[in-house]
Every structure is written in structure tokens, then in C-alpha cells.
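Just below is one structure, and these are the notes that go with it.
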Number of protein chains: 2
Amino acid sequence: MKLISRNTDYAVRAVCYIARQDKSIVSVAELVKALEIPRPFLRKILQVLNKKRILISNKGSGGGFKLARKVDKIFLTELMEAFQGPFKLNECTFKKDLCPNRKFCWLKNKIDIIEDTVLSELSTMTIDSILKEK
Amino acid sequence: MKLISRNTDYAVRAVCYIARQDKSIVSVAELVKALEIPRPFLRKILQVLNKKRILISNKGSGGGFKLARKVDKIFLTELMEAFQGPFKLNECTFKKDLCPNRKFCWLKNKIDIIEDTVLSELSTMTIDSILKEK
DNA sequence: ACAAATGATACTAATATGGTATCATTATCG
DNA sequence: CGATAATGATACCATATTAGTATCATTTGT
Ligand code: FES
Ligand code: FES
């Protein structure tokens, strides 16, 4: 069970890299070279980031990607949700589909609490805070 | 991302069911009927629980499974580890194998903290506590 | 001895994750 | 303008993990 999947991980690195550059716009070519991530895979990732408006893409010659916002406004949870879907540590499917016990199930309730804890820990983490420690 | 996999989930139900019975020993047949879990799959799960000494099996006619310990000594984390392996929310694989940054990586450290939190939450949960709420 | 149970083990199916390939679209610049 | 350098969209493939099945061996109570 991993909290951060590969594409989230790559996405974090890519966004951090872009944030560290002086020039605001960075091409895939440069990112591939710097991060050693397979090019087509990275492209797919960047396209998602663009759609989610975390990065903004510029097409055409001299194009590339730039941050859509300041680094302290880009949250790790956004990246995680973009690639790993919304947080649901739980989702009991006892007896197919959504379990009738859900409302009263102690196990589920406990896990919901854990989910909240994790989420609140994660929600303090921005690209800014990650960069500051490097 | 799920915290509890299907077989852990099934295992919890099975152990709870056994715990609730008056007779201590319960056959697979009965469990299948009560829990509606596919028989061969449940058998495999019970075999694991036996190997991990969470349940104890009795072969032969009239055999079945019984708890190896009192319900307040059976921890959810044990079941999770039995089926999902040890906790490792993390495991950065930047630049293959174990990343050189590991020691100092802020992201990793933060996630380690989350892992500890999750673990300490989970480690309060026993079969006993789950039963009490039903 | 035989039937009723679990043990061991190998196999298959479904899903999720990680990664590729291809062509279309857009923007810059000579 | 039109070639070229970039990303957008999309469909596909590979690998790993999870879920589930099937079969035969072993043990035990009557
Ligand atoms: S048994 Fe379904 S939510 Fe707990
Ligand atoms: S970059 Fe490898 S542990 Fe953080």
C-alpha cells in the first residue's frame, strides 16, 4: 500500500523543477533531461497537470509548461487527487455494492477518522514547503 | 488507494464471526454460509490465519477454526500485515533502488510521520473493540 | 475403513499501474 | 505564409497486484 503513486511522485518532481527555474516556462525536453523520467509518460502527466490547472501549457515553438499559481498555493493533495483519485481509504463492499452497515460500522468509522488525520497532515504540504527543505 | 484489502476485510469478518459464536470451533461451511464469501477464497484466507497463529485449525471430521487468543489480543494491524505485508506508505524510487536523498528528503520524512500516525491509530483496534460496537 | 474436515499448491481472471506510440493541433519565427 | 517546434488527444501495450478457482494430499473422529 503506497500513499504516493509513481505519477504523483513524478508530478511533484516536475512541478518542483519548474518552480526552481528562473525562466518561468520549461519544455518537456528539459524536464526529461533533468529528471530522467520516460518522456511519453512525463508528457501524459504534464497534460493532466495542465487540465487540472496546476500547470499551464504553451504550445508551439518555445512552448512548454509553467506554474499556474504560486508555489505556496499548490498542494500535495491536489497532485495526489489528480493522479490517484479522491481520498477513500475505505469503501467497504461487503455484500457487493455499498454495504448497508456503512453508517454504523465501527471499523469504517475508525478508518474515516484515520482518513481525516492523513488528510489534515497532507493538507499542510505545498510545493513551497517541499522546496524550502531542499 | 485502499487501507484495507479484500482479504483483510474478509479475515476481519471471519474472525469476528467465530468470536461471536458460543461454540468455539467453526467450520468453513458455516462461515461461507454466514458471510457469503467464496469458499475456496475464504479457505485460503483461513489457512493464512492459521499459519500466523491468529486462528487455530482442527482437521478431520468435526474440525474447523477457533481463535488462538482472546479477542482483545487480536489486533487489526496483525490481520493487515498478514495479507497486505508490513506498513510502508512510502518507498521513494527516484533514480531506481533506494534514493540517495532518503535520509534528508522532507517529503519522505513527512510521510513517515503520517505512517506513524496511521499506525498508532490502527494499533488501538482489536477484534474486541470491533465487536463491541456491533 | 471411511467420511469429513483442513493443508498445500498451482493455476486463472480481473484490475490497477506504469509506460509507449501515433497523429492532430497550435504557436512561433524565418 | 509555411516549416518547425512544441503540446493535446487518444489508443494501445506490459507488468504487477489482487481476487478467485481447482485439485489433490493429509489428518481425524466415528
Ligand atoms: S461492514 Fe460494510 S461498512 Fe463496515
Ligand atoms: S526524493 Fe527519494 S526519498 Fe525523497
Side-chain angles (χ1 to χ4, degrees), chain A residues 1-11 13-14 18 23-33 35-66 68 80 82-86 88 91-94 96, chain B residues 1-11 13-14 18 23-33 35-66 68 80 82-86 88 91-94 96:
Chain A
M1 181 197 41
K2 274 197 295 194
L3 197 59
I4 308 257
S5 74
R6 197 95 132 225
N7 26 20
T8 306
D9 192 350
Y10 287 169
R13 299 182 206 290
I18 293 171
K23 61 187 165 209
S24 69
I25 198 154
V26 180
S27 71
V28 172
E30 184 177 343
L31 287 165
V32 166
K33 209 166 166 188
L35 306 174
E36 303 182 66
I37 296 169
R39 187 190 167 94
F41 193 32
L42 179 58
R43 289 225 310 133
K44 200 162 70 170
I45 290 167
L46 293 169
Q47 284 178 12
V48 172
L49 292 173
N50 172 52
K51 271 192 191 148
K52 299 276 176 182
R53 298 279 101 176
I54 291 164
L55 296 181
I56 289 176
S57 71
N58 279 208
K59 283 180 167 186
S61 164
F65 294 82
K66 64 183 174 197
M80 293 181 67
F83 296 101
Q84 307 177 40
K88 254 168 206 143
E91 281 330 315
C92 163
T93 52
F94 188 33
K96 304 285 176 191
Chain B
M1 181 197 41
K2 273 197 295 195
L3 198 59
I4 309 258
S5 75
R6 195 96 132 224
N7 26 20
T8 305
D9 193 350
Y10 286 169
R13 299 182 206 290
I18 294 171
K23 61 187 165 208
S24 71
I25 198 153
V26 179
S27 72
V28 172
E30 184 177 342
L31 286 165
V32 165
K33 211 167 165 188
L35 306 174
E36 302 182 66
I37 295 169
R39 187 191 167 91
F41 194 31
L42 179 58
R43 291 226 308 133
K44 201 163 69 171
I45 289 167
L46 292 169
Q47 284 179 11
V48 173
L49 292 174
N50 173 53
K51 271 191 192 149
K52 299 278 175 180
R53 298 279 102 175
I54 291 164
L55 296 181
I56 288 175
S57 71
N58 279 208
K59 282 181 168 186
S61 163
F65 294 82
K66 64 185 175 195
M80 293 180 68
F83 296 101
Q84 307 177 39
K88 254 166 208 145
E91 282 331 315
C92 160
T93 51
F94 189 33
K96 303 287 177 190

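Because only heavy atoms are used, hydrogens play no part in the values below, and waters and symmetry mates are left out as well, while side chains stay in. So you know, we letter chains A, B, ... as the sequences are listed, proteins then strands, and number each from 1.
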- Query: To the nearest angstrom, how far is B:R43 atom CZ from D:dT23 atom P?
  - Reply: 13 Å

- Return the minimal non-hydrogen interatomic distance between A:A11 and A:I45, and the atom names on each side. CB-CG2, 3.9 Å

- Message: If I take atom CG in residue A:L42 and atom C1' in nucleotide D:dA6, what distance separates them, rounded to the nearest angstrom?
- Response: 14 Å

- Let me know the distance between CD1 of A:I25 and P of C:dA27, rounded to the nearest Å. 12 Å

- Message: Please find the pair of heavy atoms, one from B:I25 and one from B:G62, that lie closest to each other, and give the distance.
- Response: CG2-O, 4.3 Å

- Message: Distance check needed: C:dA5 C1' versus B:Q47 CD, whole Å only.
- Response: 12 Å

- Message: Whole angstroms only, please: what is the CD-P distance between B:E30 and C:dT6?
- Response: 11 Å

Show me the donor-acceptor pairs within less than 3.5 Å that the side chains of residues 51-58 of chain A make with the rest of the protein, sequence neighbours left out.
residue : atom : partner : partner atom : Å
A:R53   : NE   : A:N50   : O            : 3.1
A:R53   : NH2  : A:N50   : OD1          : 2.7

- Task: Measure the distance from CD1 on A:I4 to P on C:dG18 and round it to the nearest whole Å.
- Result: 12 Å

- Search all heavy atoms of B:L35 against all heavy atoms of B:A14 and return the closest pair with its distance. CD1-CA, 3.6 Å

- Near-strand residues of residues 49-59 of chain A, defined as heavy-atom separation under 4.0 angstrom from DNA chain D: A:N50, A:K51, A:S57, A:N58, A:K59

- What is the distance from CZ of B:F65 to P of D:dT28, rounded to the nearest Å? 14 Å

- Message: Students often get this wrong, so: under 4.0 angstrom with heavy atoms, is B:P40 touching a base, only sugar-phosphate, or nothing?
- Response: base

- By side-chain contact (heavy atoms from CB on, under 4.5 Å), which residues pair with A:S5, not counting sequence neighbours? A:N7, A:T8, A:Q84

- Message: Walk me through whether B:F83 and B:V48 qualify under side chain to side chain contact (heavy atoms under 4.5 Å, CB included).
- Response: CA-CA 8 Å; B:F83 296 101; B:V48 173; 3.8 Å; yes

Extract from the structure each pairing of a protein N or O with an N or O of nucleotides 15-19 of chain D at less than 3.5 Å, listing the distance.
residue : atom : partner : partner atom : Å
D:dA19  : OP1  : B:R6    : N            : 3.2
D:dA19  : OP2  : B:R6    : N            : 3.4
D:dA19  : OP2  : B:N7    : OD1          : 3.4

- Query: Should B:I18 and B:F65 be marked as a side chain to side chain contact (heavy atoms under 4.5 Å, CB included) after you check the CA-CA gap, both sets of side-chain angles, and the distance that decides it?
  - Reply: CA-CA 8 Å; B:I18 294 171; B:F65 294 82; 4.1 Å; yes

- Taking only residues two or more places apart in sequence, or in another chain, which ones meet A:E30 in a side-chain contact (heavy atoms from CB on, under 4.5 Å)? A:Y17, A:Q21, A:K23, A:V26, A:S27

- The side-chain contact (heavy atoms from CB on, under 4.5 Å) partners of A:S24 (sequence neighbours excluded) come to A:K66

- Could you check how far CG of A:D9 sits from C1' of C:dT17, rounded to whole Å? 14 Å

